[in-house]
Amino acid sequence: MNIPRLIDNYGREHHYLRISVTDRCNLRCVYCMPEEGMEFEPAEKILTFKEITEVVRVVAGMGIRKIRLTGGEPLVRKNLEQLVAMIAQIPEIEDISLTTNGMFLAAKASALKEAGLTRVNISMDSLQPDRFKLITRGGDVRKVLDSIDACVEAGLRPIKLNVVLMRGLNDDEIAEFIRLTRDRDIHIRFIEYMPIGHSDATWKNLYLPLSRVREVCAEQRWDYGPVATVQGNGPSENYRLDGALGSFGLIHPVSEHFCQSCNRLRLTADGYIKPCLAWTEQFHVRRVIGDDKAIRQMFLDALGTKPENHEMSHFLNDDLAITHTPTARRMSQIGG
Ligand code: SAM
Ligand code: SF4
């Protein structure tokens with residue numbers, strides 16, 4: 001049988017599926033969820049581990065090689081290592097990674113590694129305990145630091161730290177984050193704050209283009225240069241301070257999009273395929289689980305609607321019209 005590949009109308013071939021395993025979270029980061037009033041899907045609407053594995057098995061046959069588990073907070077889902085082990089059984093899958101806020105990771109790192117997890121990205125938007133608590137609305141930065149140690153111990157490498165930069169909130173810590181890479185083999189990923197599910201004045205005020213990171217490096221008179229590859233890094237532009245063990249990267253979807261090389265699809269916790277993070281299109285694949293042909297067709301239909309560009313930069317400029325309808329989902333309801 002001739003199984004189709006996941007190629008969209010712009011010739012982009014898709015190898016990467018990001019799977020949200022829950023829309024729930026133990027934190028409420030300011031850029032991701034409102035403090036109150038989030039409504040969560042009831043348990044029966046959330047894909048089971050078996051259903052997720054079925055979808056992965058089918059799309060692995062269409063060329064998916066990399067899986068990332070995310071959320072919401074993926075580690076609020078009980079026994080996540082079971083899902084990792086189930087996906088790891090699928091022969092075509094070469095890489096299974098996890099994005100987590102790190103609050104529950106220290107206790108789970110070795111079980112996840114044993115189950116087949118390759119590596120982790122941990123979100124850490126401040127090194128200062130009080131500020132970290134403020135940004136995450138309740139998180140404990142010491143738990144993130146313990147998680148990093150547990151991941152080193154478990155052999156989950158490379159360790160990447162995701163830092164969403166926000167004007168006036170944590171942009172004074174750029175140099176401090178980069179200094180961390182001098183003595184530790186970690187990769188800091190600075191990420192631009194994206195207008196997902198909200199493109200209001202708060203977003204505009206906090207948004208900071210990542211050209212600021214290069215300015216800080218110049219102010220510090222640091223010598224640094226490009227790094228060819230950091231495993232699994234996708235759209236990140238990567239650098240290393242001369243002589244440093246670790247590295248840092250810039251992910252700038254708003255100021256300079258990288259849609260031309262997008263190779264990712266998303267599966268939401270409530271069972272929808274999302275071809276583009278920014279736009280509203282979604283396809284309820286849960287309805288057809290059990291029918292491989294129908295799953296394949298739905299992925300192809302989803303790809304058929306994938307736009308050339310997410311147009312996030314247009315939200316900064318009222319004169320630029322957008323050509324699609326923005327998603328109403330927040331990041332936690334998609335899987336960032
Ligand atoms: N709870 C996990 C965590 O925080 O790492 C996984 C889910 S979270 C939605 C995934 C990533 O999306 C995190 O690194 C988070 O910082 C990032 N994120 C959430 N909202 C964002 C936004 N509006 N713009 C940019 N990144 C965002
Ligand atoms: Fe939760 Fe992650 Fe969103 Fe923060 S970024 S609220 S930890 S899902």
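Start at 1 and go down the list; that is how both ligands and their atoms are numbered.
With Arg68 contributing its side chain and Leu98 its backbone, the two residues share a donor-acceptor pair below 3.5 Å. At least one donor-acceptor pair under 3.5 Å links the side chain of Arg12 to the backbone N or O of Cys259. Panel note: side chain Asp171, backbone Gly168; a donor-acceptor pair is recorded below 3.5 Å. In this structure a side-chain-to-backbone donor-acceptor pair under 3.5 Å is present from Arg65 to Ala60.
With a heavy-atom cut-off of 4.0 Å, Thr100 touches ligand 1 through its backbone alone. Contact annotation: for Cys29 versus ligand 2, heavy atoms closer than 4.0 Å belong to both the backbone and the side chain.
For Ile196, the heavy-atom gap to ligand 1 stays at 4.0 angstrom or more. Using 4.0 Å as the threshold, Gly197 has no heavy atom nearer than that to any atom of ligand 1. Residue Gly72 places a heavy atom under 4.0 Å from ligand 2. Note on ligand 1: Glu192 sits in its first shell, one or more heavy atoms being nearer than 4.0 Å. Contact between Thr136 and ligand 2 is absent, with no heavy atom of the residue lying under 4.0 Å from the ligand.
Atoms of ligand 1 lying under 4.0 Å from any heavy atom of Thr99, numbered from 1 in the order shown and given with element: 2 (C), 5 (O), 6 (C), 10 (C). Under a 4.0 Å criterion applied to the non-hydrogen atoms of Asn101, ligand 2 contributes the atoms 7 (S). Every atom of ligand 1 with a heavy atom of Tyr193 under 4.0 Å away is listed here by number and element: 22 (C), 23 (N), 24 (N). Every atom of ligand 1 is numbered from 1 in the order shown, and the set under 4.0 Å from a heavy atom of Asn162 is 14 (O). Taking every heavy atom of Thr70 and a limit of under 4.0 angstrom, the matching atoms of ligand 1 come to 6 (C), 7 (C).
The pair Arg142-Asp140 meets the salt-bridge criterion, since a charged nitrogen lies less than 4.0 angstrom from a carboxylate oxygen. The pair Glu81-Lys108 meets the salt-bridge criterion, with a side-chain N (NZ, NE, NH1 or NH2) lying under 4.0 Å from an Asp/Glu carboxylate O. A salt bridge links Arg184 with Asp149: the closest approach of a Lys/Arg side-chain nitrogen to an acidic carboxylate oxygen falls below 4.0 angstrom. Between Glu173 and Arg131, at least one side-chain nitrogen of the basic residue sits less than 4.0 Å from a carboxylate oxygen of the acidic one, meeting the salt-bridge criterion. Salt bridge annotation for Glu192-Arg212: absent, with no cationic side-chain nitrogen under 4.0 angstrom from a carboxylate oxygen.
The distance from atom 1 (Fe) of ligand 2 to the nearest N/O/S atom of Cys32 is not under 2.8 Å.
Between Asp125 and ligand 1, not a single N/O pair is under 3.5 Å apart. Considering backbone and side-chain atoms together, Glu73 places an N or O closer than 3.5 Å to an N or O of ligand 1. Close N/O approach between Gly71 and ligand 1 is not found [any backbone or side-chain N/O within under 3.5 Å]. For ligand 1, the polar-atom distance check finds an N/O of Tyr31 within less than 3.5 Å of one of the ligand's N/O atoms. Inclusion of Pro74 in the set of residues having an N or O under 3.5 Å from an N or O of ligand 1 is not warranted.
With Ile46 as the partner, the side-chain contact (heavy atoms from CB on, under 4.5 Å) test is satisfied by one option alone out of Asp23, Thr22, Thr268, Ile52: Asp23. For the salt bridge (Lys or Arg N to Asp or Glu O under 4.0 Å) test with Asp270, the passing option among Arg24, Arg287, Arg329 is Arg329; the others fail.
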Tyr239 and His187: ring pair (Phe, Tyr, Trp, His ring centres under 6.0 Å), yes or no, with the steps? CA-CA 9 Å; Tyr239 301 99; His187 181 73; 9.8 Å; no
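If you check each of Gly72, Ser123, Ser332 against atom 4 (O) of ligand 1, the one with the closest non-hydrogen atom is Ser123.
Of all protein heavy atoms, the one lying nearest to atom 1 (Fe) of ligand 2 is Cys25 SG, 2.3 Å.
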